[in-house]
Visitor: 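Below are the structure tokens for one structure; questions will follow.
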Amino acid sequence: MDPRELSGGAVLRAARPGDEDGILGCIRALAVYEREPDAVANTADALRQTLFGDEPRAFCHVVEREGAIVGIAIWFLTYSTWTGRHGIWLEDLYVDEAQRGRGYGKQLIASLAAVCVERGYSRLEWTVLDWNAPSIAFYRSIGAEPMDEWTTQRLAGDALAALAG
């Protein structure tokens, strides 16, 4: 993606090597916001391999302002058997609390929508915690619709190991 100038002297761009610590800082801040401050096991080295290794499987757009990463959108590809096309799953969207209200979150999501349109992907999806009223209101304001009939399922930890075993 081509870098895009934003308000306040910020730049929206694809993440690049060297951004790992800033990205990880945003991930940790998001975990605090989502009431899971001790849940992040990720590291800068793991991010470097995931985002910039030989075969990246996840991607990141960042907002950089005054030399610091102040916003992130971490995403990966999905596939719809019904449409026969890929889509994007937005794993994490975060803008530093002091930087909110400048349109950075909307621009991050818009950059992913642009990737979908440019590549012919059929959808952009993500989850939001049901108690996160400010984010839900923001998502409604940009035209996102809830998928109320769907409930996310997860296997992890012991249950994942038990099923695999």
Side-chain angles (χ1 to χ4, degrees), residues 1-79 86-119 121 123-144 146 152 154 156:
M1 80 173 284
D2 292 328
R4 183 180 319 158
E5 291 187 25
L6 305 178
S7 66
V11 175
L12 171 63
R13 61 174 174 76
R16 59 183 179 229
D19 289 339
E20 299 88 353
D21 288 332
I23 294 167
L24 187 57
C26 287
I27 293 168
R28 288 180 175 144
L30 177 60
V32 169
Y33 178 79
E34 291 185 347
R35 305 173 186 165
E36 296 267 356
D38 300 321
V40 178
N42 208 344
T43 66
D45 287 338
L47 281 171
R48 186 173 304 108
Q49 184 61 30
T50 298
L51 299 173
F52 312 118
D54 292 338
E55 296 183 36
R57 299 280 196 258
F59 310 91
C60 183
H61 292 180
V62 301
V63 173
E64 180 180 8
R65 184 164 187 248
E66 298 176 353
I69 303 298
V70 299
I72 59 169
I74 299 176
W75 57 279
F76 55 89
L77 294 182
T78 61
Y79 179 75
H86 283 289
I88 286 179
W89 183 267
L90 173 59
E91 180 64 19
D92 282 344
L93 176 71
Y94 180 78
V95 175
D96 181 86
E97 192 171 349
Q99 304 298 323
R100 293 181 191 156
R102 299 173 189 259
Y104 298 164
K106 184 174 183 178
Q107 290 299 315
L108 283 163
I109 291 182
S111 73
L112 299 184
V115 170
C116 287
V117 170
E118 289 165 12
R119 297 181 186 178
Y121 298 164
R123 54 180 71 152
L124 170 57
E125 299 175 299
W126 62 92
T127 58
V128 61
L129 291 165
D130 58 6
W131 57 259
N132 192 346
S135 292
I136 292 169
F138 166 65
Y139 298 144
R140 295 301 164 270
S141 78
I142 62 171
T152 302
R154 176 179 292 160

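Scope of the values below: all heavy atoms of this structure, side chains included, with no hydrogens, waters or symmetry mates.
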Visitor: Which is it for Met1 and Leu12 under the side-chain contact (heavy atoms from CB on, under 4.5 Å) test, yes or no, and what are the steps along the way?
Guide: CA-CA 9 Å; Met1 80 173 284; Leu12 171 63; 3.9 Å; yes
Visitor: Check step by step if side-chain contact (heavy atoms from CB on, under 4.5 Å) holds for Phe138 and Leu93.
Guide: CA-CA 12 Å; Phe138 166 65; Leu93 176 71; 4.3 Å; yes
Visitor: Would you give the length of the straight line joining atom CD1 of Ile23 to atom CZ of Arg48, rounded to the nearest 0.5 angstrom?
Guide: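 Those atoms lie 10.5 Å apart.
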Visitor: Taking Arg102's backbone N and O only, do any of them form a donor-acceptor pair with Ser7's side chain (distance below 3.5 Å, no angle check)?
Guide: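 Such a contact is found between Ser7 side chain and Arg102 backbone.
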Visitor: Go through the steps to decide whether Ile109 and Leu124 satisfy the test side-chain contact (heavy atoms from CB on, under 4.5 Å), and finish with yes or no.
Guide: CA-CA 9 Å; Ile109 291 182; Leu124 170 57; 4.0 Å; yes
Visitor: Students often mix this up, so state it plainly: with edges at 30° and 60°, are the rings of Tyr79 and His86 parallel, tilted or perpendicular?
Guide: perpendicular
Visitor: Do Asp96 and Tyr104 have side-chain N/O donor and acceptor atoms under 3.5 Å apart?
Guide: no
Visitor: Calculate, to the nearest 0.5 Å, the distance between atoms CG and CZ belonging to Leu77 and Arg119 respectively.
Guide: 7.0 Å
Visitor: Report the distance from atom CH2 of Trp126 to atom CH2 of Trp89, rounding to the nearest 0.5 Å.
Guide: 9.5 Å
Visitor: Do you know which two heavy atoms are closest between Gln49 and Asp54, and how far apart they sit?
Guide: NE2-N, 4.4 Å
Visitor: Could you give the distance from SG (Cys60) to CZ (Phe52), rounded to the nearest 0.5 Å?
Guide: 7.0 Å
Visitor: Kindly compute the distance separating CD1 (Ile69) from CG (Asp21), expressed to the nearest 0.5 Å.
Guide: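 Between Ile69 CD1 and Asp21 CG, I get 10.5 Å after rounding to 0.5 Å.
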Visitor: Compare every heavy atom of Arg65 with every heavy atom of Gly8, then report the nearest pair and how far apart it is.
Guide: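 The answer is O-NE, 2.6 Å.
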Visitor: Arg100 side chain to Val95 main-chain N or O, any donor-acceptor pair under 3.5 Å?
Guide: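 Flag set: sc Arg100 to bb Val95 pair under 3.5 Å.
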Visitor: Inspect the surroundings of CD in Glu34 and state if more than 12 heavy atoms from other residues, nucleotides or ligands are less than 6.0 Å away.
Guide: yes
Visitor: Can you tell me how far apart CD (Glu91) and CD1 (Ile27) are? Round to the nearest 0.5 Å.
Guide: 9.0 Å
Visitor: Please name the pair of heavy atoms, one in Arg57 and one in Phe76, separated by the smallest distance, quoted to 0.1 Å.
Guide: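 Shortest heavy-atom contact: O-CB, 3.3 Å.
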Visitor: Which atom names give the shortest non-hydrogen contact between Ala10 and Val63, and what distance separates them?
Guide: CB-CG1, 3.8 Å
Visitor: Return the minimal non-hydrogen interatomic distance between Gly71 and Cys26, and the atom names on each side.
Guide: N-SG, 4.2 Å
Visitor: Check whether any side-chain heavy atom of Tyr33 lies under 4.5 Å from a side-chain heavy atom of Glu97, and answer yes or no.
Guide: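 No - every pair of side-chain heavy atoms lies 4.5 Å or more apart.
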Visitor: Are any non-hydrogen side-chain atoms of Thr50 and Asn42 less than 4.5 angstrom apart?
Guide: no
Visitor: Less than 4.5 Å apart, any side-chain heavy atom of Asn132 and any of Pro134?
Guide: yes
Visitor: Apply the side-chain contact (heavy atoms from CB on, under 4.5 Å) test between Tyr121 and each candidate in Ile88, Thr78, Leu112; give the one that qualifies.
Guide: Ile88
Visitor: Under the 3.5 angstrom rule, does the side chain of Glu20 hit a backbone N or O of Gly18 as a donor-acceptor pair?
Guide: yes
Visitor: Between Leu90 and Leu108, is any pair of side-chain heavy atoms under 4.5 Å apart?
Guide: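 The answer is no, as the side chains (C-beta and beyond) never meet within the 4.5 Å cut-off.
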Visitor: Given side chains that start at C-beta, do those of Ile72 and Leu30 come closer than 4.5 Å, heavy atoms only?
Guide: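 In short, these two side chains do not touch, never coming nearer than 4.5 Å.
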Visitor: Is the shortest side-chain heavy-atom distance between Pro37 and Val32 below 4.5 Å?
Guide: yes
Visitor: Quick one: do Arg13 and Val62 satisfy side-chain contact (heavy atoms from CB on, under 4.5 Å)? Show the steps, please.
Guide: CA-CA 6 Å; Arg13 61 174 174 76; Val62 301; 3.6 Å; yes
Visitor: Do Phe59 and Val115 have side chains that get closer than 4.5 Å, going by heavy atoms?
Guide: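 Side chain of Phe59 against side chain of Val115, heavy atoms only: no contact under 4.5 Å found.
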Visitor: Which atom pair, heavy atoms only, marks the closest approach of Ser111 to His61?
Guide: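 Scanning both residues completely, I find the closest heavy atoms to be OG-ND1, 2.7 Å.
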